[in-house]
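In what follows, chains are A, B, ... by sequence order, proteins preceding strands, each numbered from 1. Everything numeric in this text was worked out from a predicted model, so none of it was measured.
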Amino acid sequence: MDERSKADRTDPRPDLPGAVRVRFAPSPTGYLHIGGARTALFNWLFAARNGGRFILRIEDTDFSRKVEDSTRQITSTMRWLGLQWDEGPATGGPVGPYFQSERLDLYRRAADELKAKGAAYECYCTPEELTQRREEARRLGQAPRYDGRCRRLTDDDRRRLAAEGRRPVLRLKTPTEGQTVVEDLIRGTVVFDNTILDDFVLMKSDGGPTYNFACVVDDHGMRMTHVIRADEHLSNTPKQIIIYRAFGWDVPAFAHVPMILAPDRSKLSKRHGATSVEEFQEAGYLPEAIVNYLVFLGWSPEGGEEVLSADELRRRFSLDRVSKNAAIYDINKLTWMNGHYIRTIDLDRLTDLALPFLARAGLVGDPVDPATRGFIKAILAALRDRVKTLGELPDATVYFFRDDYGFDPKGVQKHLTSPDAAGLLDTARAELAGLARFDLESCEAAYRGLIERLGIKGGALIHPTRVAITGRTNGPGLFDVMTLLGRERTLGRMERAAAVIRAGGPWPEPVALETPVVPGVDASRRV
RNA sequence: GGCCCCAUGGUCAAGUGGCCUAAGACACCGCCCUUUCACGGCGGUAACUCGGGUUCGAAUCCCGAUGGGGUCACCA
């Protein structure tokens, strides 16, 4: 039993701010994985809830080439989500550097310390030899473990082997009996038999640390009080605890959060479609929706609420309400939640968020002039509860920006083919033309009056008009659309439609827009 | 395969021995609202993996089986 891994342990470094210190330690793979984002979120929330600090550390010991770009990508996405770190890249902090690639001397010194203590030793076995022995063990049905033969090397042996040109690795002398116990804040007590461990590698022959070693040296060096990470690391934990013990260091508290799985219950990977938050960002999901959705994947509040703001979350998050079972992420629910945020956030903010999507589709300039911005804001007010992602905006709004919008064949068929449709449009157009003011109330009053006089159903006039001026059968209320378009464009479109009806077609095809599509996202939503 | 974790509806989940003839949300179906599509409202279909225990009583505790997942590198 390790008493030191209890949650209520004291701060090992009172001189550092925050009693609680947690970290998110991604490797720079080029994007922020959805699972990583949730791990980061849980850490961030835990720190906030406990008045602690959230540290970002980049685990780039094996990603020499594109570290900078990847880091930029990850940090910018984290900022976009609102997960600001207290210490880390760009912000710095008292226990940096926050890139593992810049901490090599720290690992080397730590390695020397273990070697001096006799807790670790050099091993000159080559990868080829090890692979060979592993295969042989497998063939004999034995566990492929390193046999510890280099533990017994003499100084002469080492000189000789080095003279052969062999570069050694550093291995830890692991206990051959007993048990290592992980007191996990989420899983409870987890016991591992030490016999399953072999003398694993701490430092590679190129002088770099292995993951487990770097992780321990850094978590200790950065004074982490809690290590909150994905479940897949649970089986690494006994190794890490043994490293802490070899140094004589305090062990932090561990909390292994359940994994996020793909719909087929396997580990989330690229073949499942969208796996990075950047992809969702591009498809028009809002950060608050992603955060809200992600936190509910594995955590639930005491009340039955489903929608909580980040501030609320920061006040209420707790590790003891994190569930133990892996969760499958459901794009449907995320999309629903996104729709919820689209229709409830501040309209000006929604407008700002929408702008880039419209610009990318070529519907508006970038930047937009104030008048256009106002126009877009008004459109959004009428349209916001009809879209679930920002990515749908270009298609849903084309006809406000262009006159070459296409006509839905079914809509035309249904509402613009009857012989008197053209006449009806003409009559209505004349009515609208005579209006003193072209506002929502006047338009509606005019139409209601006309409908009454003609003795027809509202839809008989409203539907044809809608298809004529928008090309489609759905959208905001007709009078909203009319006033948004203005008198001139409304009347012009009605006149043009009447002409096409009389000519018997043809009706323009829908224009092609560049709409960002996330693989796997759109497909599964279109049910 | 060894080791470890997990197991309530299609999905996320509440539930910590009696309040469970098991909440809520998404999705789905129906109805209502309505000029369309949405939004919203109302209602419905749908679950405690199985087998043993413990107990007066088990979704809740224990054991086993089954299933799913993770992990077993000089990757992180």
For V191(A), which contact category applies under a 4.0 Å heavy-atom criterion: base, sugar-phosphate, or nothing?
-> sugar-phosphate

Look at S300(A) and A14(B) and indicate whether a side-chain polar atom (N or O) is within less than 4.0 Å of OP1 or OP2.
-> yes

NA contact type, V169(A), heavy-atom cut-off 4.0 Å: base, sugar-phosphate, or nothing?
-> base

Does S235(A) put a side-chain nitrogen or oxygen below 4.0 Å from OP1 or OP2 of G70(B)?
-> no

Does the side chain of R133(A) get closer than 4.0 angstrom to OP1 or OP2 of A73(B) through an N or O atom?
-> no

According to a strict under-4.0 Å criterion, is R134(A) in side-chain N/O contact with OP1 or OP2 of C72(B)?
-> no

Compute the ring centroids of H233(A) and Y211(A), then answer whether they are less than 6.0 Å apart.
-> yes

Aromatic ring proximity F317(A)/W299(A), centre distance under 6.0 Å = yes

Touch check for D193(A), heavy atoms < 4.0 angstrom, all strands: base, sugar-phosphate only, or nothing?
-> nothing

For nucleotides 31-35 of chain B, give me every protein contact, N/O to N/O, under 3.5 Å, one pair per line with atom names.
| from | atom 1 | to | atom 2 | distance (Å) |
| --- | --- | --- | --- | --- |
| U35(B) | O2' | H463(A) | ND1 | 3.3 |
| U35(B) | O2' | H463(A) | NE2 | 3.2 |
| U35(B) | O2 | R466(A) | NH2 | 2.8 |
| U35(B) | N3 | L478(A) | N | 3.4 |

Between D408(A) and K410(A), does at least one N-O distance fall below 4.0 Å, as a salt bridge requires?
-> no

Could you write out each protein N or O paired with an N or O of nucleotides 6-9 of chain B at a distance under 3.5 Å?
| from | atom 1 | to | atom 2 | distance (Å) |
| --- | --- | --- | --- | --- |
| U8(B) | OP2 | N325(A) | ND2 | 3.3 |

Give T473(A) one of three labels, base, sugar-phosphate or nothing, depending on what nucleic acid heavy atoms sit under 4.0 Å from its own.
-> base

Think K239(A) has a side-chain N or O under 4.0 angstrom from the OP1 or OP2 of A76(B)?
-> no

Taking the six-membered ring for Trp and the single ring otherwise, decide whether the centroids of Y146(A) and F200(A) are under 6.0 Å apart.
-> no

Do other residues, nucleotides or ligands put more than 12 heavy atoms under 6.0 Å from the CZ atom of R167(A)?
-> no

Tell me whether the OP1 or OP2 atom of C75(B) has a side-chain N or O from K204(A) closer than 4.0 Å.
-> yes

Closer than 4.0 Å, any side-chain N/O of S323(A) to the OP1 or OP2 of A13(B)?
-> yes

Touch check for E232(A), heavy atoms < 4.0 angstrom, all strands: base, sugar-phosphate only, or nothing?
-> sugar-phosphate

Would you sketch RNA chain B in dot-bracket for me? Only Watson-Crick or G-U wobble pairs with both distances under 3.5 Å count, crossing pairs as [ ], other-strand pairs as |, the rest as dots.
-> ((((((((.[[[..)..(.....]]].(((((.......)))))....[[[[[..)....]]]]])))))))....

State whether K267(A) places a side-chain N or O below 4.0 Å from either non-bridging phosphate oxygen (OP1 or OP2) of U71(B).
-> yes

Pick base, sugar-phosphate or nothing for A327(A), based on heavy-atom distances below 4.0 Å to the nucleic acid.
-> sugar-phosphate

Measure from the side-chain heavy atoms of R386(A) and tell me the nearest of A76(B), A38(B), C12(B).
-> A38(B)

Give a yes/no answer on whether the side chain of K388(A) brings an N or O atom under 4.0 Å of OP1 or OP2 in A38(B).
-> no

Could you say whether D264(A) or L297(A) is positioned toward the 5' end of RNA chain B, judged by the nucleotide with the nearest heavy atom to each?
-> L297(A)

